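Each ligand, and each atom within it, is numbered from 1 in the order the structure gives. Because the structure is predicted, anything quoted here is derived from the model rather than measured.
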Amino acid sequence: MAASSRKSGKRADQPKTCKRSDKNFRALIENSFDVIVLQNERGDILYASPSITRILGYTPDELVGVNGSHVVHPADKRYSIETFNRLLVEPDTQLAACFRVRHKDGSWRVVEGVWKNLLDNPDINAVVINLHDITEHQQVIQAHKQLVEQLEAERTLLREILRQMPSGVVVADASTGNIILSNERVKELIHSDILPVQAGQYTQGTTYHLDGSPIQAYEWSLLRAMQGEVAQNEERLYIRKDGTQCYFNINATPIRDKNGNIIAALVSFYDITLRKELDKRKDEFITLASHELKTPLTSLKGFTYLLTRHLRQQNDQNALYFLLRMDSQINKLTRLVNDLLDVSRLQTGKMLYRKEVFALHELVKEIVENVQGTTQTHSLIVEPLPAAHIEADRDRIGQVLVNLLSNAIKYSPLANKVTVRMAIDGDYVTVSVQDFGPGIAPEHHQQIFERFYQVSPTTQHNYPGLGIGLYISNQIIKEHQGKLWLESEPGQGATFHFSLPALHEKNVLDKNR
Ligand code: ADP
């Protein structure tokens, strides 16, 4: 700490002025909050005012005769001695310094002192030190410094995390729409700067839905997050200003203050172009492979039919038994290939629906009977079915039902029943399939409807399947303006529901006319 010099001015003469009233002067010093210490030219303490006890814990009497440097912190000792010596050679100087002194209890206090050499003053004949305890002040400064350092370290950490992240991150102020934070990755991903939201558009490129329709301003995830909406895993096609294109996976969320008010919106996005390309190639392969498999399977089915007839004529029961098993395997394979073909039809938007008006309760009954014929382990219990008509592709809705029932049986090997219900609620009719198997944990409820998603790999449980049945079912139901969902808790079984717009009696008659 640098020592500073000040003009001595009138204060040096104060003892003289007060000489007339020595008693008053002493009272003033002894009641002062600051400490007055007098030292001789060797630094020995000649006098210490009573408030020294507050700083050092010693009474003035305990200190008289002690060399001042004894209570100074070892690290500050040299500096305090130098200050003192300087004062001796420059008698007119007044020096200020800050150093640590040891309290009687062993703790350290920080004091600020002003030294004045009055050795030549016959009335005083001492070096006068005015000490002021600044420990607490110092502690506050220290705590503040630590806080600033901590904040700075956290900010550096955050900046570094943001810089290293593979995702682009953008935070916008909810009230102004201004971008208050974004990382370098954003620029690398969109090949341009991010713009304030109120500029009408916050990137210079154009964003599209995966079906190619442009994203409208109100659909921007950042704007929606500012209004409190959370966007999860939204996939978008982005065409940059320079014409290059890529696919992004986007997540957005509002940021709220402690009162729950939205103060900002955070968007993060990453490049999924490579994954999309691989998906596309996978889809092309699936389409090709399933088409290639379809023809020989059809021939196999035909030959099996002819062979069955032939063996029946010959009454070869043994061969017929094996042929029947072969036929059932061919049917299984055909269903699989058909599912794969459906997936590629759905992907390319080439799925055709032949919609007609029909009685859903009759279809439910029919499908349940068919599926019941394929299982000996489970009873399919149908609760009384209300009459309901819908306008839909009968085969496709039947396919959904077959899939839900087959899953209910397949994934509840230790149960022996599956319950089917149907209910009409306002303009919608809902069909529910309940099983009593192990159920499905909530974290899978959304993804279960994605292509090729399986809760646990089939190899683990030996359940045949590719994870496409629910994807196809969901797409079919969506195509009919309906909804497919599930309710399940692990260990409590699972209930899959689908609801579809129901036709009113009058409309059924009109449509059938
Ligand atoms: P998969 O051909 O694998 O059955 P799905 O798309 O029909 O394909 O089902 C996806 C996954 O959902 C299944 O692999 C299975 O893990 C889970 N699942 C479907 N239905 C049920 C159910 N009723 N109970 C438990 N898990 C189920």
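The pair Asp327-Lys301 meets the salt-bridge criterion, with a side-chain N (NZ, NE, NH1 or NH2) lying under 4.0 Å from an Asp/Glu carboxylate O. With salt bridges taken as basic N to acidic carboxylate O contacts below 4.0 Å, one links Asp342 and Arg345. The pair Glu184-Lys187 does not count as a salt bridge, with every side-chain nitrogen at least 4.0 angstrom from each carboxylate oxygen. Of the charged side-chain nitrogens involved, none lies within less than 4.0 Å of a carboxylate oxygen, so that Glu277 and Lys282 do not count as a salt-bridged pair. Salt bridge present: Glu234 and Arg224 bring a charged side-chain N and a carboxylate O closer than 4.0 Å.
Each of the following atoms of ligand 1 lies closer than 4.0 Å to a heavy atom of Tyr453: 10 (C), 11 (C). Atom numbering of ligand 1 starts at 1 in the shown order; those under 4.0 Å from a heavy atom of Lys410 are 1 (P), 2 (O), 4 (O). If you number the atoms of ligand 1 from 1 as listed, the ones under 4.0 Å from a heavy atom of Ile468 come out as 6 (O), 8 (O). Atom numbering of ligand 1 starts at 1 in the shown order; those under 4.0 Å from a heavy atom of Val455 are 16 (O), 17 (C).
For the pair Lys483 and Phe498, the cation does not sit on the ring face, since its NZ or CZ is not both under 6.0 Å from the ring centre and inside 45° of the axis.
For the pair Glu235/Lys276, a side-chain contact is recorded, criterion being any heavy-atom separation below 4.5 Å from C-beta on.
In Ile440, the part holding a heavy atom less than 4.0 Å from any atom of ligand 1 is the side chain. By the criterion of a heavy-atom distance under 4.0 Å, the side chain of Asn403, and not its backbone, is placed next to ligand 1. When heavy-atom distances to ligand 1 are checked against a 4.0 Å cut-off, His444 has no atom that comes that close, whether in backbone or side chain.
Checked by distance only, ligand 1 and Leu466 come closer than 3.5 Å through their nitrogen or oxygen atoms. Remark: ligand 1 and Ala494 share no N or O pair separated by less than 3.5 Å (distance only, no angle test). The shortest N/O to N/O separation between Phe496 and ligand 1 does not fall below 3.5 Å. Looking at ligand 1, you'll find an N or O of Asp435 within less than 3.5 Å of one of its N or O atoms. In terms of polar-atom proximity, defined here as any N/O pair under 3.5 Å, Asn407 does make such a contact with ligand 1. Considering backbone and side-chain atoms together, Ile448 places no N or O closer than 3.5 Å to any N or O of ligand 1.
The closest approach between Gly437 and ligand 1 stays at or above 4.0 Å for every heavy atom of the residue.
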task: Start with the C-alpha gap between Asn416 and His378, add the side-chain angles, then the distance that decides, and say whether side chain to side chain donor-acceptor pair (under 3.5 Å) holds.
output: CA-CA 4 Å; Asn416 59 8; His378 291 68; over 6 Å; no
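Under a cut-off of 6.0 angstrom, the local environment of CD in Glu149 is crowded, with over 12 non-hydrogen atoms contributed by other residues, nucleotides or ligands.
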